[in-house]
Amino acid sequence: MATRSTERRALLYGLTSVALWSTVATGFKLGLRELSPAQLLLVGCLIALVFFALVRAFVTVRMSARQHLVAAGMGVVNPLAYYLILFEAYDRLPAQIVQPLNFTWAIVIALLAIPMLRQRLPPRGWVGVFVGYAGVLVLLTRGELASFGHFDAVGVALALASTLLWAWYWIMTVRLGIHPVVLMLNSFAVASVLLVIVCLTTDGLPAINWETLGYGAWVGLVEMGVAFLLWQRALALTRHAGRVGVLIFLAPFLSLVLIATVLGEVIHPSAVAGLVLIVAGLVLARWP
């Protein structure tokens, strides 16, 4: 009975995380209407920093000075570089394009794991990679395989680059074995300082009002904070990580619904078809 109750809690935490993550593409686009990528990220990082500082007060972890320094250094990659690149892509492209492209980070992990973790990708995994990137091709050509001119080329390059950066970061954090809360706290502290410098030398510091704080909270709490911890909790509680992990595939489809209803983007059939192929590629590669 206790096991059933625990599994139900894990499922609830997982579904809540997915529901929260499905809103972030919409939140990013709305926030970028009012703020530059660096400004939006700065407000989000500051709010996330406060959040993880509060969480850290309830977490007992022993770490060496070297681990603290490494965790701080990782902040240059994530959230700083990763989200600056991703937000710039969202600023240049429709959300229905960036969101599926960004979801291919899981395919990139499978490829990077070959040289970085010395893992072998079985034939089924290679089929999954092929199917997933066929989805990218459909997405970018809108089904017209002879045409690539529909979208901003720099934005597409940035969206794909973000998947490489995130996949590298994910693998490195697994190898380093640093407690996730400490990792996030140190990373956000460093990124916040650097983002203040970036803003001062480019677009200026963001105006602080209820609207910008709301978008910052969307980034810093929904995307980076609460959903992250709920997902970690779901995986810690369940005995069937694969069952919980597969829930993440719901997020991009829910996201498309919000992109259409809230942002008013007319969802092109190729966006749905491309996303279906990307998810099919992940399933074939047994990503969960």
Side-chain angles (χ1 to χ4, degrees), residues 9-32 44 48 78-79 82-83 86-87 89-90 93-110 128 131-133 135-136 138-139 159-160 162-163 165-167 169-170 180 184 215 217-238 240-263 265 267-268 270-288:
R9 286 168 56 206
L11 181 63
L12 178 61
Y13 287 141
L15 286 172
T16 304
S17 298
V18 167
L20 292 173
W21 273 325
S22 69
T23 71
V24 297
T26 299
F28 291 167
K29 288 294 284 188
L30 291 174
L32 289 167
N78 175 56
Y82 170 69
Y83 279 103
L86 182 62
F87 285 177
Y90 269 104
L93 297 170
Q96 64 183 285
I97 299 301
V98 184
Q99 193 268 351
L101 287 179
N102 183 246
F103 203 62
T104 62
W105 65 265
I107 298 176
V108 181
I109 282 183
V131 172
Y133 281 112
V136 171
V138 170
L139 186 72
L160 292 173
S162 73
T163 67
L165 202 59
W166 181 257
Y169 173 82
W170 183 285
M184 300 299 261
Y215 291 132
W218 209 331
V219 173
L221 293 182
V222 175
E223 160 75 352
M224 302 172 176
V226 176
F228 170 80
L229 290 183
L230 288 175
W231 187 257
Q232 292 284 329
R233 185 61 178 158
L235 294 178
L237 285 174
T238 185
H240 308 284
R243 293 181 188 175
V244 173
V246 78
L247 295 175
I248 201 68
F249 294 137
L250 296 173
F253 294 102
L254 292 174
S255 184
L256 281 184
V257 174
L258 291 174
I259 288 168
T261 56
V262 179
L263 297 179
E265 288 189 17
I267 305 300
H268 196 276
S270 62
V272 179
L275 182 55
V276 168
L277 286 171
I278 289 169
V279 170
L282 294 173
V283 173
L284 283 170
R286 295 183 177 177
W287 175 74

Note to self: Just so I know, are the side chains of Trp166 and Val108 near enough to count as touching, which here means a heavy-atom distance under 4.5 Å?
What the structure shows: no
Notebook entry, point to check: Is any side-chain heavy atom of Trp21 closer than 4.5 Å to a side-chain heavy atom of Ile248?
Noted result: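 Trp21 reaches Ile248 side chain to side chain.
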Heavy-atom closest contact ([X] atom, [Y] atom, distance):
| X | Y | result |
| --- | --- | --- |
| Ser22 | Leu258 | O-CD1, 3.5 Å |
| Ala159 | Leu101 | CB-CD1, 3.8 Å |
| Thr163 | Leu160 | OG1-O, 2.5 Å |
| Tyr215 | Leu30 | CE2-CB, 3.6 Å |
| Val131 | Ala280 | CG1-CB, 4.1 Å |
| Pro79 | Met224 | CB-CE, 4.2 Å |

In Å and rounded to the nearest 0.5 Å, what is the [atom1] to [atom2] distance from [X] to [Y]?
| X | Y | atom1 | atom2 | result |
| --- | --- | --- | --- | --- |
| Leu282 | Ile107 | CG | CD1 | 4.5 Å |
| Trp218 | Thr23 | CH2 | OG1 | 5.5 Å |
| Ile278 | Leu139 | CD1 | CG | 6.0 Å |
| Thr26 | Leu254 | OG1 | CG | 11.0 Å |
| Leu275 | Phe253 | CG | CZ | 4.0 Å |
| Asn78 | Leu86 | CG | CG | 10.5 Å |

Note to self: Just checking Tyr82 against Tyr169, ring centres under 6.0 Å apart?
What the structure shows: no
Just by modelled atom types, is the [Y] backbone N or O under 3.5 Å from a matching donor or acceptor in the [X] side chain?
| X | Y | answer |
| --- | --- | --- |
| Thr16 | Leu12 | yes |
| Gln99 | Leu256 | no |
| Ser17 | Ala227 | yes |
| Gln96 | His268 | yes |

Next item on the list: On the 0 to 90° scale, with breaks at 30° and 60°, tag the Tyr90-Phe28 ring pair as parallel, tilted or perpendicular.
Entry: perpendicular
Notebook entry, point to check: Yes or no on side chain to side chain contact (heavy atoms under 4.5 Å, CB included) for Leu11 and Leu247, after CA distance, side-chain angles and deciding distance?
Noted result: CA-CA 9 Å; Leu11 181 63; Leu247 295 175; 3.8 Å; yes
Next item on the list: Taking atom types as modelled, find out whether Tyr83 and Glu223 have a side-chain donor-acceptor pair closer than 3.5 angstrom.
Entry: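 Yes, Glu223 and Tyr83 have a side-chain donor paired with an acceptor closer than 3.5 Å.
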